[in-house]
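In what follows, chains carry the letters A, B, and so on, assigned in the order in which the sequence lines appear, proteins first and then strands, with residues in each chain numbered from 1.
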Amino acid sequence: MPSMPPNGTASETLIADALLDWFSRHKRDLPWRMTYSPYHVWISEIMLQQTQMERGVEYFKRWIARFPDVDSLAQAPQDEVLKLWEGLGYYSRARNLHKAARMVVELHGGTLPPSMEALLALPGIGPYTARAIASIAFRQDVCVVDANVERLVSRLYNIGQPVKSRQAQKEIGEYGQRLLPSGHAREFNQALMEFGSLVCTPRNPSCPQCALAHWCRAREAGVQEERPVVAKAPSPVYLTMATGILIHDGHILTQKRLAEDVWGNLWEFPGGVVEEGETPQEAVIREYMEETRLIVNHPEPIASFKHSFTRFRVTLHAFVVTLLSSPEELDLQAAQEHRWASWSEIMKLAFPAGHRKLVRHLDNDPKFRAKVHT
DNA sequence: AACTCGTGGCG
DNA sequence: TCGCCAAGAGT
């Protein structure tokens with residue numbers, strides 16, 4: 001059944017109908033598309049921020065199994081919330097989600113509020129997510145603008161300004177709202193985004209099979225590959241880092257990072273950046289002194305790992321170190337808390353991805369495991 | 001308004 | 001291999 005957008009021209013109606021039709025035939029079967037409960041929509045939207053949809057699915061299922069509703073999330077300790085987020089990155093999303101759940105219990109009786117204003121007042125919910133929840137969970141007629149929509153609309157209307165510019169953002173939002181068929185925001189917004197991610201892709205878009213090709217001004221001008229116009233990303237910074245596993249009485253020293261730092265409130269092994277003219281071994285010994293005031297030596301190499309975070313590309317050298325001073329001299333300088341952990345405790349703590357790779361490596365090393373209390 | 005925050009997949 | 005990218009938000 002054709003649907004009429006507010007203020008819609010004929011071609012806008014045709015475009016919207018083509019998108020809705022495509023979505024009805026190609027939409028993926030996703031766990032948050034079962035009941036569209038506001039809580040499920042909320043969790044999925046936070047998880048999918050800056051994250052590939054495929055990766056979000058398993059995290060979502062585990063999350064819902066453990067935190068089936070706002071109350072269970074609000075009551076959980078933060079360490080457990082972060083553990084379920086481990087590996088997804090941008091951990092402020094988890095911290096804010098947790099904080100927001102407690103606010104929803106306090107301010108809204110445990111039910112997510114439908115109004116945009118109330119949604120925007122919750123930590124972690126910004127312009128995109130407020131609109132996504134309002135439209136997908138509560139069926140309000142507001143359009144969403146994410147990276148998919150930016151790309152799709154900037155091609156459809158051949159927008160030559162940088163997508164992130166004020167002017168382009170304004171235009172994209174206006175075009176999106178004009179295309180939106182009233183009463184169909186739930187399906188239409190998902191259709192826009194899914195079409196953008198599966199058909200109107202960043203590279204090699206499927207223009208020959210595209211249901212919107214007839215209306216696409218960028219394709220008409222032959223510049224679809226040059227849309228959207230994005231600023232060139234700054235080149236990555238390469239770092240060498242070193243970390244040391246310290247075993248004492250069969251337990252491993254771990255420390256909880258400061259709340260406001262990168263990986264805030266996650267756990268890690270002491271270590272840091274290898275400075276100019278320094279070996280990784282020397283760096284581990286120095287970092288132990290700087291971060292814990294403990295004297296360690298004899299760093300024995302375990303393995304090296306490549307990983308990256310934000311703009312950094314890291315080679316992480318890992319060692320087992322020996323304690324020279326007394327453990328009583330431990331005096332944390334760069335962390336909020338420490339724990340001498342058994343291996344099963346290590347498995348329950350949330351680590352940044354690089355250190356989690358190290359833990360997985362050691363988990364498969366019988367010689368190492370023999371030195372550590374289970 | 002520019003910077004910062006993670007991570008893994010893909011061509 | 002390596003640059004690009006992802007259902008953005010907070011400051």
Pairwise P distance, dT4(B) and dA7(C) [rounded to whole Å]: 24 Å

NZ/NE/NH1/NH2 to OD/OE distance under 4.0 Å, Arg28(A) and Glu194(A): yes

Pair Gln190(A)-Arg33(A), side-chain donor/acceptor within less than 3.5 Å: yes

Any side-chain donor near an acceptor of the partner, Glu45(A) and Gln49(A), under 3.5 Å: no

Under 3.5 Å between N/O atoms: give me all the protein pairs with nucleotides 7-11 of chain B, atom names plus distance.
from: dT7(B); atom 1: OP1; to: Tyr91(A); atom 2: OH; distance (Å): 2.9
from: dT7(B); atom 1: OP1; to: Ala353(A); atom 2: N; distance (Å): 2.8
from: dT7(B); atom 1: OP2; to: Trp263(A); atom 2: NE1; distance (Å): 3.1

Glu282(A) with Arg286(A): basic N within carboxylate O range, under 4.0 Å: no

Stretch residues 146-169 of chain A: residues that reach within less than 4.0 Å of DNA chain B through a heavy atom: Arg166(A)

Euclidean distance for C1', dT11(C) against dA1(B) (whole angstrom): 11 Å

His298(A) and Phe319(A) aromatic centres sub-6.0 Å: no

Salt-bridge criterion met for Glu58(A) and Arg62(A) (N-O under 4.0 Å): no

Ring center gap for Phe23(A) and Phe188(A) short of 6.0 angstrom: no

Check ion pair Lys83(A)-Glu86(A) (N to O, under 4.0 angstrom): yes

